[in-house]
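In what follows, a single structure is set out as structure tokens and then discussed.
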Amino acid sequence: MKIVTLNEKTRENILSDLLKRDPNNYGSYGDAVQEIVEAVKEKKDEAVFAYTKKFDGADIDGTNIRVTDDEIKEAMEAVEPELLEVMKKAMKNIRSYHQMQVQHSWFDSKADGTILGQKVTALESVGVYVPGGKAAYPSSVLMNIIPAEVAGVERIVMVTPPGRDGKVNPVTLTAAHLAGATQVYKVGGAQAVAALAFGTESIPRVNKIVGPGNIFVALAKKAVYGHVSIDSIAGPSEILVLADETANPRFVAADLLSQAEHDELASAILVTTSRQLAEKVSDQVDRFVEQLSRKEILTKSLENFGYILVASSMDEAVDAANAIASEHLEIVTRNPFEVMTKIRNAGAIFIGEYSSEPLGDYFAGPNHVIPTNGTAKFFSPLGVDDFIKKSSIIYYSKEALKAVHKDIMAFARAEHLTAHANSIGVRFEEEE
């Protein structure tokens, strides 16, 4: 890996390189995605079936697009019992963590005749996109569906690309059933996102779309935003390890590669105060790459977006971590909890050498759908809050309004909104 001395110039250069990975920069795909979205909006099922045949090679129509109970039963029987038990353990942790996020309506009543409050309501329907094809991502299924289920969403619709045989990967389908999906449809890509946003004869529209996908899925979510809500435009995976001389170089190298293997655009960065650790980690990375199965992807990812930054102090290292605002941040230092208090920008923070990133991906409970490309400066991980909405509650008695009505009318008139003022004044015109 490239070992670079950290300074203002190198930090800015790295930030510039990382921003090139932003899905919003892939404008060349925009027209193709928009064409798909418009076709689905206009032709509905007809377009969905045609694109599924074109991109996935599957013959899908109105009779088989929705997964049946028999297909779910078949899928669950095909999953190894050991994996089934692991998924159930992970589900327990994920559900327990997200139940701590649940918000409740509240009301504040005062003696002056006013009641103010906030009504918390779960969204009526949510669409969950899950990547398909040869790979299966049951962890992503659990992370997207369980918070919606905990929030109280009544209709959770999952979409995922079918195989050429017209079937959904059994592990993916089993995870969806266990997590609480109410409907599963065999459709993927931009056409699936458009179907969820606008509805078709077979697929009902939803209020919000969440879940990861390729560049076509990301741009489709961007295209339908406003017609529905979305979670975010997810970018490539990334990890930043913040370490000092006490860190185990073998552990650090392994953790960096855990994200670099995702794809060639993934980012893996070590920021350390120790030049000796930097050199040892670089050596361990080279050794691991020769052993691991995704060698080609790892090599390209590290060449393009892999860095080891050597800082002159931990404060300088923390400043760099906050500027990069990584999706995953590991802190492996002598006093990791103290360092954690200085972190402002990170999607998920892993503390200590035995809290490696895959723990969060699969099992610990916090969500692994996390802001990328620096958006951790203003976004949060997916959670129960993403599946609720809030309404303000306002009640004033006649006496309470009378006490302040002239103030309100004066404010309205200052803005030249006489109808606003009249709406208040009319209630007391016989008394004045």
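At a cut-off of 3.5 Å, with distance as the only test, a side-chain donor of Thr5 or Arg275 sits close to an acceptor on the other residue. No hydrogens or angles considered: a donor-acceptor pair under 3.5 Å links the side chains of Thr10 and Asn7. Under 3.5 Å, the side chains of Ser274 and Asp244 contain no donor-acceptor pair of N or O atoms. Defined by atom type and a distance below 3.5 Å, a donor-acceptor pair is present between the side-chain atoms of Gln103 and Asp385. Side-chain polar atoms of Asp70 and Thr68 form no donor-acceptor pair below 3.5 angstrom. In the model, Thr200 has a side-chain atom that pairs as donor or acceptor with a side-chain atom of Asp45 under 3.5 Å.
Residue Leu196 forms a side-chain contact (heavy atoms from CB on, under 4.5 Å) with just one option from Asn207, Val126, Val159, and that option is Val159. The only option from Thr273, Thr272, Val332, Leu329 that meets the side-chain contact (heavy atoms from CB on, under 4.5 Å) definition with Leu242 turns out to be Leu329.
A distance-only check finds a donor-acceptor pair linking the side chain of Ser105 to the backbone of Val120 [under 3.5 Å]. Remark: the backbone N or O of Ala90 is not paired with any side-chain donor or acceptor of Asn93 at under 3.5 angstrom. Not one N or O on the side chain of Lys53 forms a donor-acceptor pair closer than 3.5 Å with the backbone of Ile60. In this structure, the side chain of His368 engages the main chain of Asp361 through a donor-acceptor pair within 3.5 Å. A donor-acceptor pair is defined here as one N or O able to donate and one able to accept, closer than 3.5 Å; such a pair exists between the side chain of Gln101 and the backbone of Val384. Judged by distance alone, with hydrogens and angles left aside, the side-chain atoms of Thr52 form a donor-acceptor pair with the main-chain N or O of Val48 at under 3.5 Å. Side chain of Glu330 to main chain of Glu357: a donor-acceptor pair is present (N/O by atom type, distance under 3.5 Å, no hydrogens or angles).
Side-chain contact between Leu84 and Leu178: present, with at least one pair of heavy atoms (C-beta onward) separated by less than 4.5 Å. Contact of the Glu338 side chain with the Met314 side chain is not registered, since no non-hydrogen atoms from C-beta on lie closer than 4.5 Å. Looking at Leu302 and Val289, their side chains come closer than 4.5 Å, going by heavy atoms from C-beta outward. A 4.5 Å side-chain heavy-atom check between Arg205 and Phe198 finds every atom pair outside the cut-off. Here the side chains of Leu382 and Phe387 are in contact, with some heavy-atom distance below 4.5 Å. Side-chain contact between Glu279 and Ile3 is present, with at least one heavy-atom pair separated by less than 4.5 Å. Looking at Asn144 and Pro212, their side chains come closer than 4.5 Å, going by heavy atoms from C-beta outward. In this structure the side chain of Gln183 reaches within 4.5 angstrom of the side chain of Pro204, judged on heavy atoms.
For the atom pair OH of Tyr51 and CD of Glu35, the computed distance is 5.0 Å after rounding to the nearest 0.5 Å. Interatomic distance, CZ of Arg250 versus CZ of Phe288, reported as 3.5 Å (0.5 Å rounding). Here the CD1-CE distance, from Ile146 to Met91, works out to 4.5 Å after rounding to the nearest 0.5 Å. Once rounded to the nearest 0.5 Å, the distance linking OG1 of Thr121 with NZ of Lys390 reads 11.5 Å. From Lys73, atom NZ reaches atom NE2 of His177 across 11.5 Å, with rounding to the nearest 0.5 Å. Asn367 contributes atom CG, which lies 7.5 Å from atom CD1 of Ile94 (distance to the nearest 0.5 angstrom).
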- Item | Test salt bridge (charged side-chain N to carboxylate O under 4.0 Å, His left out) applied to Lys89 and Glu85, step by step | CA-CA 6 Å; Lys89 290 178 182 178; Glu85 285 307 305; over 6 Å; no
- Criterion salt bridge (charged side-chain N to carboxylate O under 4.0 Å, His left out) on Lys295 and Glu290, from CA distance to verdict: CA-CA 7 Å; Lys295 178 180 177 180; Glu290 291 302 316; 3.0 Å; yes
- Message: Let's go through Met1 and Leu270 carefully: what are the C-alpha distance in whole Å and the side-chain angles of both, what is the deciding distance for side chain to side chain contact (heavy atoms under 4.5 Å, CB included) to 0.1 Å, and is it a yes or a no?
- Response: CA-CA 10 Å; Met1 289 180 69; Leu270 166 63; 5.7 Å; no
- Message: Let's go through Glu8 and Arg11 carefully: what are the C-alpha distance in whole Å and the side-chain angles of both, what is the deciding distance for salt bridge (charged side-chain N to carboxylate O under 4.0 Å, His left out) to 0.1 Å, and is it a yes or a no?
- Response: CA-CA 5 Å; Glu8 189 64 30; Arg11 189 174 82 172; 3.6 Å; yes
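Listed by first and then second residue, the salt bridge (Lys or Arg N to Asp or Glu O under 4.0 Å) pairs that reach into residues 224-243 are Arg21-Glu238, Lys221-Asp231, sequence neighbours excluded.
The local environment of NZ in Lys377 is crowded, with over 12 non-hydrogen atoms from other residues, nucleotides or ligands closer than 6.0 Å.
Applying the salt bridge (charged side-chain N to carboxylate O under 4.0 Å, His left out) rule to Arg334 yields the partners Glu245; only residues at least two apart in sequence or on another chain are considered.
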